[in-house]
Amino acid sequence: MAKVVLGVAVGVAVAACAVAALVVGRRVRTRRKWKRVVGVLKELEESCETTVGRLRQVVDAMAVEMHAGLASEGGSKLKMLLTFVDNLPSGFPILGQYSMIVGVPPVCYFGMVFEFLSCCNLAALSVSCSCILPWSEKGTFYGLDLGGTNFRVLRVELGGQRSSFDRDVAQQAIPPRLMTGRSEDLFDFIASSLQHLVEKGNDSEQSPIIKELGFTFSFPVKQTSVSSGILIKWTKGFAITDMVGKEVAGVLQQTLARKGLNMQVAVLVNNTVGTLALGHYHDADTVAAVIIGTGTNACYWERTDAIIKCQGLLTTSGGMVVNMEWGNFWSSHMPRTSYDIELDAESPNPNDQGFEKMISGMYLGDIVRRVILRMSQESDVFGPVFSSLSVPFALGYASMTPLMAAMHEDDSPELTKVARILKDDLKIPDLPLKARKLVVKVCDVVARRAARLAAAGIVGILKKIGRDGSGCIRVGRTRSDTKMRRTVVAIEGSLYTQYTMFREYLHEALHEILGEDIAQHVILKVTEDGSGTGAALLAASHSSKSVDNVQLL
């Protein structure tokens, strides 16, 4: 009997040991898998590292590429396109006499000129009120913004004695059939909407006074003058073949005439230039504009004599807005990961728009998706791999980035918003809290890298035009003794305006790169609707009543 009892006890003990071994083994395997998942995150953090030293190398590379792009066509990844916009609108009084003396383009108001004189160690004499010119823009001007599946028409009333204005906006969706039909049908539709806006106001379409129109056309165009450009190709779902190779503003002008609208296309610009115009109207210290949203681009005010590739270019202002097309910037100093390489290879434009693919809303969310996919392949804590995770851009371009921002900024104790997004959009149900925390960290790493690289790009522009603190006279021996001019960069785009953590990381990097003494003089100022309102303001500053200010000798 004792032997039987002993045998049973031994059997139970063996079974218990076997169960314990299975449990321990499972825990060990789980820990190993979890360690691999954590390893994926650690590898990502190391690959995305953006030290201040590295960012300053990106700054230098941006400035060098800008110089190269201005020196010759095709000499740089940056296209550095001439816009022929040589006069920015200003809602402030400007100094004509003093700006001519020191060679500052007449886009500056008195405070900026004084700072310039002091910075260059020139004697600044007293200024009387008689030197101040009146506000220059007054009247009714129109804007037309075509850059996607919606378009807008605007009427802007400028008072002439203040920096504010009144506007009337009408927005309309473009029927899909017009996006692939004939150019005549599309422009007839646009002109009809503009006609309705004119009829709503006090302007008569039969008025003998020609109304000025600013046309924002955010598609690839070869600019030939401030008011003309040839369409290179359509993007964003448009495919109107009979329009490619035609002069865009000319087609619109013909349509306006056919509709009996007494209007003239005064400027043809892209949305970044419009943002700069609106920023400068409200603050004459604005020297550049950046858009960081679904896509990204930048433009800035450049001295004419620095545009070497276009010798003989003369402007009465001594300068011109240059459209950088900075989304195509690239530098070996930028921290590139295997996820970036895979995304680029699977995108519609491989080996193109490298900077944009690392900082814009069109791509950031998909980088996060790729990291989560890799983690799910390393551990079953994420459950089975669903198609929403494994298919490139499965949620559509830019669709994932708002979800990324929402997860990143979820401050609930249980990360309930993260859980909901993972379940509803990525089909990953019941993810434990520790795994949700990892997802948030992935979003943080990707957003931080993007924001810091964007900041380096902005400082690169400032370096090129001598606004990074390196080009001014020092009155003492330390960096804090540097006399800096106030510098404003107009900025738009949902990634910057709506993604709080992205914006904070960008500001943080700007201060780290420039240093606190210099950074306090650099202001990023959000504008609203530069693509529409800015175009109307440019129509005012490039009115047909003015003399043509750009000459090619």
Side-chain angles (χ1 to χ4, degrees), residues 32-62 77 292 296 326-347 349-379 381-382 385 389-390 392-393 400-401 403-405 407-408 426 434-457 459-460 495 499 501-502 504-506 508-510 512-513:
R32 285 175 181 169
K33 289 180 180 179
W34 182 251
K35 189 175 181 180
R36 288 200 297 269
V37 170
V38 174
V40 171
L41 174 61
K42 185 176 180 180
E43 180 186 0
L44 178 71
E45 288 177 312
E46 293 173 351
S47 301
C48 290
E49 186 62 40
T50 49
T51 62
V52 177
R54 188 171 211 170
L55 292 176
R56 286 177 177 155
Q57 289 176 315
V58 174
V59 168
D60 292 341
M62 177 69 79
K77 280 279 192 180
I292 312 175
T296 184
W326 85 347
N328 203 43
F329 169 68
W330 183 254
S331 167
S332 60
H333 300 298
M334 289 161 57
R336 200 182 194 199
T337 69
S338 59
Y339 308 106
D340 298 306
I341 296 171
E342 291 169 0
L343 182 149
D344 179 60
E346 295 170 351
S347 70
N349 53 343
N351 301 315
D352 197 19
Q353 298 295 102
F355 195 49
E356 183 171 75
K357 287 171 181 173
M358 295 180 79
I359 74 168
S360 78
M362 182 172 286
Y363 300 101
L364 294 188
D366 201 67
I367 296 174
V368 170
R369 179 197 62 80
R370 291 169 188 273
V371 179
I372 296 175
L373 173 62
R374 170 79 182 281
M375 287 178 166
S376 68
Q377 292 169 339
E378 295 292 341
S379 172
V381 70
F382 286 85
V385 179
L389 266 184
S390 58
F393 310 107
M400 181 63 188
T401 302
L403 302 179
M404 164 191 170
M407 291 191 293
H408 189 187
L426 294 178
K434 66 175 183 178
R436 298 201 293 273
K437 289 181 178 179
L438 272 188
V439 170
V440 172
K441 185 61 179 176
V442 170
C443 295
D444 183 75
V445 172
V446 173
R448 185 173 186 270
R449 181 190 67 166
R452 290 172 70 82
L453 286 175
V459 178
L495 200 62
Y499 195 162
M501 292 299 297
F502 180 94
E504 290 178 355
Y505 279 140
L506 192 154
E508 176 188 74
L510 204 67
E512 288 180 16
I513 299 168

Quick test of your reading of the model: are Arg56 and Asp60 salt-bridged, counting only N-O distances below 4.0 Å?
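Here Arg56 does not pair with Asp60 in a salt bridge, since their nearest N and O are not under 4.0 Å apart.
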Closest heavy-atom contact between [X] and [Y]?
X: Phe502; Y: Ala451; value: O-CB, 3.3 Å
X: Leu55; Y: Ala509; value: CD1-CB, 4.3 Å
X: Val37; Y: Ser379; value: CG2-CB, 3.3 Å

Rounded to the nearest 0.5 Å, how far does [atom2] of [Y] lie from [atom1] of [X]?
X: Cys48; Y: Ile367; atom1: SG; atom2: CD1; result: 7.5 Å
X: Ile513; Y: Glu508; atom1: CD1; atom2: CD; result: 10.5 Å
X: Arg369; Y: Leu389; atom1: CZ; atom2: CG; result: 7.0 Å
X: Leu364; Y: Met404; atom1: CG; atom2: CE; result: 5.0 Å
X: Ile372; Y: Cys443; atom1: CD1; atom2: SG; result: 6.0 Å
X: Gln353; Y: Ile359; atom1: CD; atom2: CD1; result: 10.5 Å

What pairs meet the side-chain hydrogen bond (donor to acceptor under 3.5 Å, both in side chains) rule with one or both residues in residues 42-53, with sequence neighbours excluded?
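Qualifying pairs, neighbours excluded: Thr50-Arg452.
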Hey, what's the ring geometry for Phe329 with Phe355, parallel, tilted or perpendicular (30° and 60° as the breaks)?
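Because their plane-to-plane angle is over 60°, the rings of Phe329 and Phe355 count as perpendicular.
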With sequence neighbours left out, write down each residue that passes side-chain hydrogen bond (donor to acceptor under 3.5 Å, both in side chains) with Thr296, or none if nothing qualifies.
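Once residues adjacent in sequence are excluded, the partners of Thr296 under the side-chain hydrogen bond (donor to acceptor under 3.5 Å, both in side chains) criterion are Trp326.
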Does the side chain of [X] reach to within under 4.5 Å of the side chain of [Y], using non-hydrogen atoms?
X: Thr337; Y: Asp340; result: yes
X: Val368; Y: His408; result: no
X: Trp330; Y: Met358; result: yes
X: Ile292; Y: Leu506; result: yes
X: Arg370; Y: Asp366; result: yes
X: Lys77; Y: Ser331; result: no
X: Glu356; Y: Asn328; result: no

Look at the side chain of Arg449 and the backbone N and O of Pro335, then say whether any donor-acceptor pair between them is shorter than 3.5 Å.
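Indeed, once roles are kept as given, a pair shorter than 3.5 Å links the two residues.
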Pair Val442-Met375, side-chain contact (heavy atoms from CB on, under 4.5 Å): steps then yes or no
CA-CA 11 Å; Val442 170; Met375 287 178 166; 3.6 Å; yes
Asp344: which residues meet the salt bridge (charged side-chain N to carboxylate O under 4.0 Å, His left out) condition with it, sequence neighbours left out?
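Partners of Asp344 under the salt bridge (charged side-chain N to carboxylate O under 4.0 Å, His left out) test: Arg336, Lys357.
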